[in-house]
Amino acid sequence: MTGGATPEPREFAVLAADIAREAGDMLRQKRSARPEVVQTKSSPTDVVTALDRAAEELVRDRIRTARPGDAVLGEEGGATGGGDVRWIVDPIDGTVNFLYGLPEWAVSVAVEVAGTVVAGAVNVVPRGELFTAWLGGGAWLGGERLRCNTGVPLSRALIATGFGYSAARRVVQAEVLAGVLPVVRDIRRSGSAAADLCSVAAGRVDGYYERGTEYWDHAAGGLVAAEAGARVGGLNGRPHNPDMTLAAAPGLFEELHDLLVTLDPERDA
Ligand code: IPD
Ligand code: CA
């Protein structure tokens, strides 16, 4: 896929899926019974394993080979390169689950052209599920086209969410949760934002919200949810962003949004 005009979103999705599949295969093969923590980041509970780095290296290498001029933003390696096409990579979203052997962690690869995410692949490796989406092309789990749940009122909605690594942020997230939990069907916390967004797409939860995810956590999954019919955004008309990512079918999105606004979820303690 080197040289020439910018490829179509579908071609980027195929390449992103191939790369996410290969990185997932490597991780599955190399994961030991208890992977070793090699570094902590924003807090002592925000961990990195050697395999986070190895997976990102593999992903970067495959991007470099296929698309040598493209920029990359990766969770472990930061920003490299420049230009219109940028790959957004989370080598392991759900690193704590990876560490403990829980089944919800994913390789997340998205492609942005001129600032818009046009393709994404989320490989939820332990479940053997590869989600893909491209702009205008729908969201897919293997060969199955995905549609999010519609017509679910907030009072019957199963809502996924997550928590950050900083204690101060968690205090507020707990307060917000206390306002949400009594008025919904129930809450799920999977430990992978990318997988949560794919769960919205697949109708396994009705909605998702989280304060504090990074771009690499939600770039690919956000497109998967949107292409499955979900509205994906932030608060007060903003696009989804590190302050807030919200995803649900239209109708439920607005109900959840309006509830969250009353709880002032973007503050820190
Ligand atoms: C984390 C996961 C988690 C979310 C955190 C993220 P990481 O990503 O997506 O579900 O609640 O906000 O930081 O650290 O496992 O890549
Ligand atoms: Ca990660």
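Start at 1 and go down the list; that is how both ligands and their atoms are numbered.
Contact annotation: for Ser192 versus ligand 1, heavy atoms closer than 4.0 Å belong to the backbone alone.
Protein heavy atom nearest atom 4 (C) of ligand 1, with residue, atom name and distance: Glu210 OE2, 3.1 Å. Protein heavy atom nearest atom 6 (C) of ligand 1, with residue, atom name and distance: Asp217 OD2, 3.9 Å.
Checking Asn97 against Trp105 by side-chain atom types alone, no donor-acceptor pair falls below 3.5 Å. Remark: the Ser199 side chain and the Arg188 side chain contain no N/O donor-acceptor pair separated by less than 3.5 Å. Side chain to side chain, Thr6 and Asp84 fail the donor-acceptor criterion of an N or O pair below 3.5 Å.
Taking 4.0 Å as the cut-off between side-chain N and carboxylate O, Arg53 and Glu57 do not count as a salt-bridged pair. Salt bridge Asp70/Arg86: absent, no basic N to carboxylate O contact under 4.0 Å. A salt bridge links Arg204 to Glu129: one of the charged nitrogens lies within less than 4.0 Å of a carboxylate oxygen.
For residue Ile92, an N/O/S atom approaches the Ca ion (ligand 2) to within less than 3.0 Å.
In this structure, Thr161 does not count as a contact residue of ligand 1, since none of its heavy atoms falls inside 4.0 Å of the ligand. Between Tyr165 and ligand 1 there is a heavy-atom distance shorter than 4.0 Å. Distances from ligand 1 to the non-hydrogen atoms of Gly212 include no value under 4.0 Å. The shortest separation from a heavy atom of Glu214 to ligand 1 is not under 4.0 Å, leaving the residue out of contact.
Under the side-chain contact (heavy atoms from CB on, under 4.5 Å) rule, Ile159 has a single partner from Asp196, Ile187, Val205, which is Ile187.
For Glu75, the N/O/S atom at the shortest distance from the Ca ion (ligand 2) is named OE1. The nearest N/O/S atom of Asp90 to the Ca ion (ligand 2) is OD1.
Below 4.0 Å from some heavy atom of Ile92 lie the following atoms of ligand 1, by number and element: 16 (O). When each atom of ligand 1 is checked for a heavy atom of Gly94 under 4.0 Å away, the hits are 7 (P), 15 (O), 16 (O). Using a 4.0 Å cut-off to heavy atoms of Gly162, the atoms of ligand 1 that qualify are 11 (O). Against a heavy-atom cut-off of under 4.0 Å, Asp90 is close to the following atoms of ligand 1: 16 (O). Near Gly191, with a cut-off below 4.0 Å to any heavy atom, the atoms of ligand 1 are 2 (C), 3 (C), 10 (O). Which parts of ligand 1 touch Arg189 is read off a 4.0 Å heavy-atom cut-off, strictly below it: atoms 3 (C), 4 (C), 10 (O), 11 (O). Heavy-atom proximity to Glu75, at under 4.0 Å, picks out these atoms of ligand 1: 16 (O).
Aromatic ring orientation, Trp134 versus Trp140: parallel (interplanar angle below 30°, classes split at 30° and 60°).
No N or O atom of Thr213 sits closer than 3.5 Å to an N or O atom of ligand 1. At a 3.5 angstrom cut-off on N or O pairs, Asp93 counts as close to ligand 1.
Taking hydrophobic clusters as Ile, Leu, Val, Met, Phe, Trp and Tyr residues chained together by side-chain heavy-atom distances below 4.5 Å, Ile19 shares a cluster with Leu223.
Between the side chain of Ser43 and the main chain of Tyr165, a donor-acceptor pair closer than 3.5 Å is present.
Atom NZ of Lys30 sits in a sparse spot, with 12 or fewer heavy atoms from other residues, nucleotides or ligands closer than 6.0 Å.
For the atom pair CD of Glu214 and CD of Glu75, the computed distance is 7.5 Å after rounding to the nearest 0.5 Å.
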